[in-house]
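For reference, the structure discussed in these notes is given below.
Within every chain, numbering begins at 1; the chains are lettered A, B, ... in the order of the sequence lines, protein sequences first and strands thereafter.
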Amino acid sequence: MKIASWNVNSVKVRLPHLLAVLEEAKPDVLCLQETKCLPGDFPSLELKAAGYHCETIGQRSYNGVALISKTPPSELIQGLPGMAGDEQARYLEAGFGKVRVASIYLPNGNPLGTDKFTYKLAWMEQLALRARELLRLESPFVLAGDYNICPADEDVYDPVAFRDDALCQPESRSRFRALMYLGLTDAYRVFHREPHRYTFWDYQAGRWHRDEGLRIDHLLLSPHAADRVVACDIDKRPRAKERASDHTPIWCELAV
DNA sequence: ATGGTAGCCTTGCTA
């Protein structure tokens, strides 16, 4: 079972690239973030023609997440449990066979010292609570998405330049570690130990061409999922295209 | 060198 995650930065603009990724990578489940699209405007018909089912929550201009899958999901959860009154579309979770998958668009949190950063930390606390609930089921799950967290300095092209960025703050990183310490596994680091491997390159200042990026998109595996992971990698090809998203897909293969 | 680029329905905000 192949599970992938991709922040598309507008699903409407990225539809041709999205269809190409489905055709070439053939994921069983693809988690999307920053769809920037109301559910009624989501290109479900085009994806259905490509053989995929869609679940999505979204809003105009900002946020929005989706689960694109070969088979329809079960037990869909819309919105992060515990974040009552949160109007931002950032969490979608469902079951696909024996594996539960969440598409996560964690708040960016910039700039520091504002309610945006407080919101990010509060959101991470609730995500950890949700992970604890899921762990009690003792079955495989994958928390996939744009975490807006560089776990370590080796995940940043210029750690000094990002010292005051919400993606690299000690408070952000400690909450990410708290999530990991529940027993989750960073799928990418099971197979790749080398530093400076990225999933995001800013549109500005030629960051892509200089390979100056950030590793902020992660696939976190439950223990039962980690037992079955046989491969994980970042697919840089979509980022190299014309009119690309600033993120590129990350995927893993579970032997289930 | 406090800009630069991309997307949205906005003339600024978010990333």
Side-chain angles (χ1 to χ4, degrees), chain A residues 5-21 31-43 46 56-66 79-80 83 86-92 103-124 127 144-151 155-169 171-173 175-176 198-218 234 236-250:
Chain A
S5 179
W6 188 20
N7 179 321
V8 288
N9 187 19
S10 170
V11 70
K12 290 176 199 165
V13 171
R14 226 62 66 198
L15 182 59
H17 293 5
L18 172 57
L19 292 171
V21 163
C31 303
L32 302 181
Q33 301 86 33
E34 280 205 270
T35 52
K36 299 185 175 179
C37 184
L38 293 169
D41 298 329
F42 199 86
E46 291 88 340
T56 185
I57 55 170
Q59 34 188 130
R60 254 184 239 290
S61 306
Y62 308 116
N63 309 316
V65 288
L80 181 58
M83 290 292 286
D86 185 9
E87 76 288 355
Q88 300 188 29
R90 296 182 176 277
Y91 187 92
L92 204 52
S103 181
I104 290 167
Y105 180 45
L106 209 144
N108 176 294
N110 280 305
L112 299 181
T114 67
D115 56 359
K116 289 174 189 285
F117 190 59
T118 319
Y119 173 64
K120 177 181 193 145
L121 299 181
W123 210 93
M124 295 188 77
L127 180 61
D146 176 359
Y147 280 74
N148 271 313
I149 299 273
C150 303
D155 301 311
V156 191
Y157 71 93
D158 184 352
V160 174
F162 278 78
R163 196 177 45 202
D164 297 323
D165 194 286
L167 279 61
C168 299
Q169 284 313 290
E171 296 93 331
S172 311
R173 285 176 167 169
R175 279 164 182 78
F176 185 80
Y198 308 126
T199 63
F200 164 90
W201 298 259
D202 199 291
Y203 287 122
Q204 303 177 74
R207 295 295 178 220
W208 165 249
H209 293 288
R210 298 166 187 237
D211 193 25
E212 295 176 340
L214 308 171
R215 193 172 73 91
I216 54 178
D217 300 270
H218 307 295
I234 295 162
K236 291 175 71 173
R237 294 172 299 176
R239 183 64 180 85
K241 292 185 176 182
E242 288 296 317
R243 225 169 174 208
S245 168
D246 41 5
H247 296 247
T248 213
I250 181 170

Next on the checklist: Restricting to side chain to side chain contact (heavy atoms under 4.5 Å, CB included), what partner residues turn up for A:Asn63, sequence neighbours left out?
Outcome noted: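 So A:Asn63 forms a side chain to side chain contact (heavy atoms under 4.5 Å, CB included) with A:Gln59, A:Gln88, A:Arg90, A:Tyr105.
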
Separation of [Y] [atom2] from [X] [atom1] (nearest 0.5 Å):
X: A:Tyr203; Y: A:Asn9; atom1: OH; atom2: CG; value: 4.0 Å
X: A:Asp146; Y: A:Leu106; atom1: CG; atom2: CG; value: 8.0 Å
X: A:Asn7; Y: A:Phe200; atom1: CG; atom2: CZ; value: 8.5 Å

Checklist entry - For residues 9-19 of chain A, which residues have at least one heavy atom under 4.0 Å from DNA chain B? => result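 Contacts with DNA chain B under 4.0 Å: A:Asn9, A:Ser10, A:Val13, A:Arg14.
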
Item to check | Strand contacts (DNA chain B) in residues 155-165 of chain A, 4.0 angstrom heavy-atom criterion | outcome: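 Close to the strand, none.
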
Checklist entry - How long is the line joining CD of A:Gln33 and C1' of B:dG7, in whole Å? => result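 The answer, rounded to whole Å, is 17 Å.
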
Next on the checklist: Without decimals, in angstroms, what is the distance between A:Lys241 NZ and B:dA6 C1'?
Outcome noted: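 Taking NZ of A:Lys241 and C1' of B:dA6, I get 18 Å after rounding.
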
Checklist entry - So, is A:Arg243 near the phosphate of B:dG7, with a side-chain N or O under 4.0 Å from OP1 or OP2? => result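 For A:Arg243, the contact criterion (side-chain N or O under 4.0 Å from OP1 or OP2 of B:dG7) is met.
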
Polar-atom pairs under 3.5 Å, protein N or O versus N or O of nucleotides 10-15 of chain B: list them with distances, or write none.
residue: B:dT14; atom: OP1; partner: A:Lys116; partner atom: NZ; Å: 3.1

When you compare [N] with [M], how far apart are their [atom1] atoms, in angstrom units rounded to a whole number?
N: B:dA1; M: B:dT11; atom1: C1'; answer: 26 Å
N: B:dT10; M: B:dT2; atom1: C1'; answer: 23 Å
N: B:dA15; M: B:dC9; atom1: P; answer: 15 Å
N: B:dG3; M: B:dG7; atom1: P; answer: 22 Å

Is there a donor-acceptor pair under 3.5 Å between the side chain of [X] and the backbone N or O of [Y]?
X: A:Thr199; Y: A:Arg215; value: no
X: A:Lys120; Y: A:Asn108; value: yes
X: A:Thr56; Y: A:Pro39; value: no
X: A:His17; Y: A:Glu242; value: yes

Checklist entry - Can you name the side chain to side chain donor-acceptor pair (under 3.5 Å) partners of A:Arg173, sequence neighbours left out? => result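 For A:Arg173, the residues satisfying side chain to side chain donor-acceptor pair (under 3.5 Å) (neighbours in sequence not counted) are A:Asp153.
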
Checklist entry - A:Asp217: what forms a salt bridge (charged side-chain N to carboxylate O under 4.0 Å, His left out) with it, not counting sequence neighbours? => result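 Scan of A:Asp217 (salt bridge (charged side-chain N to carboxylate O under 4.0 Å, His left out), adjacent residues dropped) gives none.
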
Checklist entry - Is there a side-chain contact between A:Met124 and A:Ile149 (heavy atoms, below 4.5 Å)? => result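 Of all side-chain heavy-atom pairs linking A:Ile149 with A:Met124, at least one is under 4.5 Å.
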
